[in-house]
Amino acid sequence: MTSTLMRIDPGRIRDLHDTLLDRHGPQRWWPGHSAFEVLAGAILVQRTRWENAARALEELDREGLLLPGRLAACPPGNVESLIRPAGFYRQKAARLRAAAAWWQGEGGLGRMAQMSTGDLRERLLGLDGIGPETADCILLYAFDRPLFIADAYARRLFARLGWIEPGGRGTYERLARAVNGTVHEGARFFNELHALIVTHGKSVCSDTPRCDGCPLRPRCPAGELHS
DNA sequence: ACCCAGGGTCATA
DNA sequence: TATGACCATGGG
């Protein structure tokens, strides 16, 4: 067992949350939307700016397709043309339709709300186009399950803070397990934390893992989070 | 004409 | 296990 750097503890995570909240304010991601729309958005936003995914969602909503039954029954070509602004539209259209059919097969929101987080996560991972990060986003934002989203922004920030090794192995699952295993907060906390980390990540330079010599911002504000 | 964005899958070695 | 190719549009 190699001693890999992993300085994760509840105090640090809460401090990070408070610091980012103070700096950026409440983010309120995915408020007032249906659980299924959250799932659709989670697929559409993959490797895509949220603004473009949101356009696709609006198009789908305009056609009344943000309902599992309607979406599953919609011809693939129609879905493709509607979500084009989100990119990867052929893949995403197929995945959306498959997810919609799956949603119905699971018996809807009421049925899935009864399932354990682990069970639900396994089923989500069984779907085409839903990996660890997308599954956790759906679990957190659609099903209110308390999970840390160890996405690229979180890993980059943690690396800059010296909490993890830059470019470590088992990137997503490794950090996710480390945080979920030691930080016991509610879904509300993780919801805001993830949104804050992403917002913060976009507000600073994207040079990774450190900012020395960054052409955009020589001194990345992320370093200030120590204090 | 580049580069990248709130990933995931599949083929290689 | 770990890279690389691929998916595709929109904005800088």
Side-chain angles (χ1 to χ4, degrees), chain A residues 1-2 4 16-17 20 24 26-31 33 37-60 76-99 102 121-142 147-159 165-177 179 187 190-209 211 214-217 220 222:
Chain A
M1 173 100 191
T2 57
T4 51
L16 175 64
H17 171 276
L20 292 177
H24 301 288
Q27 301 302 303
R28 306 170 190 276
W29 272 17
W30 276 312
H33 295 304
E37 180 176 346
V38 173
L39 179 147
I43 291 174
L44 288 168
V45 80
Q46 290 172 355
R47 285 313 277 191
T48 305
R49 295 177 187 277
W50 175 253
E51 292 72 27
N52 295 334
R55 289 185 201 172
L57 281 176
E58 287 173 19
E59 295 299 314
L60 291 174
N78 294 20
V79 179
E80 290 178 6
S81 60
L82 289 170
I83 69 170
R84 185 169 299 175
F88 306 118
Y89 61 88
R90 260 170 277 193
Q91 282 188 9
K92 287 177 178 176
R95 291 169 177 180
L96 284 175
R97 281 171 32 83
W102 167 82
R121 188 172 198 269
E122 283 303 308
R123 300 190 189 217
L124 285 168
L125 290 175
L127 294 175
D128 179 38
I130 295 187
E133 181 175 336
T134 303
D136 287 347
C137 281
I138 293 168
L139 288 166
L140 175 59
Y141 289 99
L147 289 172
F148 179 73
I149 310 298
D151 64 5
Y153 284 111
R155 297 197 302 273
R156 194 182 72 195
L157 176 58
F158 282 25
E165 295 175 6
R169 268 77 58 202
T171 49
Y172 185 93
E173 299 282 10
R174 191 173 172 79
L175 179 57
R177 289 194 179 283
V179 176
F190 286 113
N191 180 318
E192 192 63 29
L193 178 62
H194 173 227
L196 284 166
I197 288 174
V198 173
T199 295
H200 180 72
K202 287 192 286 196
S203 76
V204 301
C205 71
S206 58
D207 196 23
T208 178
C211 294
C214 172
L216 300 179
R217 296 193 180 196
C220 176

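We name chains A, B, ... by the order of the sequence lines, and we start the count at 1 in each one.
DNA chain B is contacted by both Tyr141(A) and Gly129(A); Tyr141(A) maps to the nucleotide lying nearer its 5′ end (nearest heavy atom per residue). Annotation: of the two residues near DNA chain B, Asn52(A) and Pro132(A), the 5′-most nearest-nucleotide partner is Asn52(A). DNA chain C is contacted by both Arg95(A) and Arg49(A); Arg95(A) maps to the nucleotide lying nearer its 5′ end (nearest heavy atom per residue).
Between Gly201(A) and Arg156(A), the shortest heavy-atom contact is O-NH2, 3.0 Å. Closest heavy-atom contact between Gln27(A) and Ala195(A): CB-CB, 3.5 Å. Residues Leu196(A) and His24(A) come closest through the heavy atom pair CD2-CB, 4.0 Å.
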Practice prompt. Carefully, step by step, assess Arg121(A) and Asp136(A) under the rule side-chain contact (heavy atoms from CB on, under 4.5 Å).
Written response: CA-CA 7 Å; Arg121(A) 188 172 198 269; Asp136(A) 287 347; 2.7 Å; yes
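The side chain of Arg47(A) sits closest to dA5(B) out of dG11(C), dA5(B), dG8(B). Side-chain atoms of Gln46(A) lie closest to dG8(B) of the nucleotides dA8(C), dA5(B), dG8(B). Checking dT9(B), dA8(C), dA5(B) against every side-chain atom of Phe88(A), the shortest atom distance belongs to dA8(C).
A donor-acceptor pair under 3.5 Å links the side-chain atoms of Arg155(A) to the main chain of Ala150(A), judged by distance alone. Between the side chain of Ser203(A) and the main chain of His200(A), a donor-acceptor pair closer than 3.5 Å is present. Without hydrogens or angle criteria, Gln46(A) side chain to Gly129(A) main chain gives a donor-acceptor distance under 3.5 Å.
The residue Arg84(A) sits close only to the backbone: its heavy atoms come under 4.0 Å of sugar-phosphate atoms, none of a base. Base engagement by Gln91(A) is indicated by at least one non-hydrogen atom pair under 4.0 Å involving a base atom. Counting non-hydrogen atoms under 4.0 angstrom, Ile43(A) reaches nothing in the nucleic acid. Residue contacts for Ile83(A): at a heavy-atom cut-off of 4.0 Å it reaches no nucleic acid atom on any strand shown.
dG6(B) and dT3(C) are spaced 24 Å apart, taking the P atom of each and rounding to whole Å. Rounded to the nearest Å, the gap between the P atom of dG10(C) and that of dG8(B) is 23 Å.
The CZ atom of Arg55(A) sits 18 Å away from the P atom of dA8(C) (whole-angstrom rounding). The distance from atom CG of Leu57(A) to atom C1' of dT9(C) is 15 Å, rounded to the nearest whole Å. Nucleotide dC7(C) holds its C1' atom 14 Å from the CG atom of Leu44(A), rounded to whole Å. Rounded to whole Å, the distance from NE2 on His200(A) to C1' on dG6(B) is 15 Å. If you take NE2 of His33(A) and C1' of dG6(B), they are 15 Å apart, rounded to a whole angstrom. Computed from coordinates, the Leu127(A) CG to dG7(B) C1' distance equals 15 Å when rounded to whole Å. Distance, Ile130(A) CD1 to dC10(B) P: 14 Å, rounded to whole Å. Straight-line distance from the NZ atom of Lys92(A) to the P atom of dG8(B): 11 Å, rounded to whole Å.
OP1 or OP2 of dT9(C) lies within a sub-4.0 Å distance of a side-chain N or O belonging to Tyr89(A). Phosphate proximity of dG8(B) to Thr134(A): present, with a side-chain N or O under 4.0 Å from OP1 or OP2.
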Worksheet entry | Secondary-structure string, 5' to 3', Watson-Crick or G-U under 3.5 Å, | for another-strand partners, for DNA chain B | .||||.|||||||
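Ring stacking is absent between Trp50(A) and dA5(B), as the pair misses the limits of under 5.5 Å between centres and under 30 degrees between planes.
Aromatic ring pairs are classed by plane angle as parallel below 30°, tilted from 30° to 60° and perpendicular above 60°; the pair Trp29(A) and Tyr141(A) is tilted.
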